[in-house]
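In what follows, every heavy atom counts, from backbone to side chain, and hydrogens, waters and symmetry copies are set aside.
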Amino acid sequence: LCATIVTVPADASDDVGFDVTDGEGRTFHYDAPAERIVSTGAATTLTIAEAGAVDKIVAVDKYSTYGYTGYEALADMNAVDLGSFYGETNHDYIIASLINMVDAGEFSLDDTVILTSYSSNRALYDSLSEAGFTKVLVWTTDSTSDYDSIVQMVTDVSMIASGTIPESVSSMLEKTQTVSDAVSKVQDSERTKALFVWYTGGEFSVGNSSIMNSMLEVANA
């Protein structure tokens with residue numbers, strides 16, 4: 001998700017703000033870029049940092065901390081570590097921690113929470129919404145299964161963080177087009193055969209829903 005970026009002015013006017021639609025199809029209106037953000041997923045957190053808004057991140061999952069990642073862009077991040085967002089066993093702690101931050105004036109019910117990757121975050125979205133949080137955006141692996149959706153997510157997260165669209169978005173699209181143009185004349189009989197497999201929990205699996213499948217299609221494999 002992240003790249004070294006140069007930001008350019010967003011299309012949205014400061015007077016009207018902008019809308020962002022998350023991976024679940026919910027649209028949220030912003031009058032201005034977010035002031036405080038809870039970010040989950042190292043790639044999302046890096047995207048925010050590279051947008052020049054690392055100081056807006058007030059809480060993260062454990063996989064987004066500088067201690068865990070070692071990413072220099074996160075070295076100066078001053079954020080609460082909410083632990084793992086995988087599964088639902090830590091949901092009560094996450095919700096209680098965020099409510100405590102609201103009570104302490106360190107966060108508000110209208111500030112932004114970005115939940116990524118895990119399908120269990122849909123349940124966390126429901127719980128946070130019931131608790132009164134109004135800007136909980138969700139992108140799971142299901143909703144970012146192709147390259148275009150990744151580009152859109154980078155755009156949306158950058159807009160939320162800084163109100164600007166990174167120049168790297170154009171670069172991402174140009175690189176995809178370059179690859180597509182290069183392989184467009186390959187005949188079906190000459191296409192490279194490819195299979196995506198992945199390894200987790202001590203087991204190999206055949207991939208059938210992944211960004212990798214999208215990349216193989218772009219490469220005309």
Using the ring-ring contact (aromatic ring centres under 6.0 Å, His included) rule, collect all pairs that involve residues 129-154, keeping only residues at least two apart or in two chains.
none
Hey, what do you get for CZ (F196) to OG (S205), rounding to the nearest 0.5 Å?
9.0 Å
Looking just at side-chain N and O atoms, do Q152 and D156 make a donor-acceptor pair shorter than 3.5 Å?
yes
Can you check whether V60's main-chain N or O pairs, donor with acceptor, with S64's side chain at less than 3.5 Å?
no
Shortest non-hydrogen contact between V136 and D22, atoms and distance:
O-OD2, 4.2 Å
Is there any side chain to side chain donor-acceptor pair (under 3.5 Å) pair reaching into residues 179-196, and which pairs are they, with sequence neighbours excluded?
Q177-D181, R191-N220
The criterion is side chain to side chain contact (heavy atoms under 4.5 Å, CB included); which residues satisfy it with T27, sequence neighbours excluded?
D19, T21
Contact list for residues 69-88, test salt bridge (Lys or Arg N to Asp or Glu O under 4.0 Å), sequence neighbours left out
none
Gap separating the OG1 atom of T141 from the CG atom of N121, nearest 0.5 angstrom
10.0 Å
Please check: side-chain N/O of H91 versus main-chain N/O of S127, any donor-acceptor pairing under 3.5 Å?
no
Answer yes if L82 and I57 sit in the same cluster of Ile, Leu, Val, Met, Phe, Trp and Tyr residues linked by side chain heavy atoms under 4.5 Å apart, and no otherwise.
no
So, using side chain to side chain contact (heavy atoms under 4.5 Å, CB included) as the criterion, who are the partners of A161 when residues are at least two apart?
I37, I48, A51, A53
Apply side-chain contact (heavy atoms from CB on, under 4.5 Å) to K135 and I160, showing your working.
CA-CA 11 Å; K135 280 191 170 70; I160 290 169; over 6 Å; no
In short, ring-ring contact (aromatic ring centres under 6.0 Å, His included) pairs touching residues 31-76 with sequence neighbours left out are Y63-Y68
Excluding Y93, membership of its hydrophobic cluster (Ile, Leu, Val, Met, Phe, Trp, Tyr; side-chain heavy atoms within less than 4.5 Å) reads none
Sort and list the pairs that fulfil side chain to side chain donor-acceptor pair (under 3.5 Å) and have at least one residue in residues 101-120, not counting sequence neighbours.
Y30-T112, R36-D111, S108-D111, D110-T134
How long is the span from the CD1 atom in I99 to the CG atom in L109, to the nearest 0.5 Å?
8.0 Å
So, using salt bridge (charged side-chain N to carboxylate O under 4.0 Å, His left out) as the criterion, who are the partners of E35 when residues are at least two apart?
none
Residues 117-131 vs salt bridge (Lys or Arg N to Asp or Glu O under 4.0 Å), sequence neighbours excluded, gives E24-R122, R122-D142
Shortest non-hydrogen contact from A219 to V179?
CA-CG1, 4.1 Å
Could I get the full list of salt bridge (charged side-chain N to carboxylate O under 4.0 Å, His left out) partners for D146, not counting sequence neighbours?
none
Just verifying a value: how many Å separate L128 CG and L115 CG, rounded to the nearest 0.5 Å?
6.5 Å
Pairs satisfying salt bridge (Lys or Arg N to Asp or Glu O under 4.0 Å), at least one member in residues 55-68, at least two apart:
none
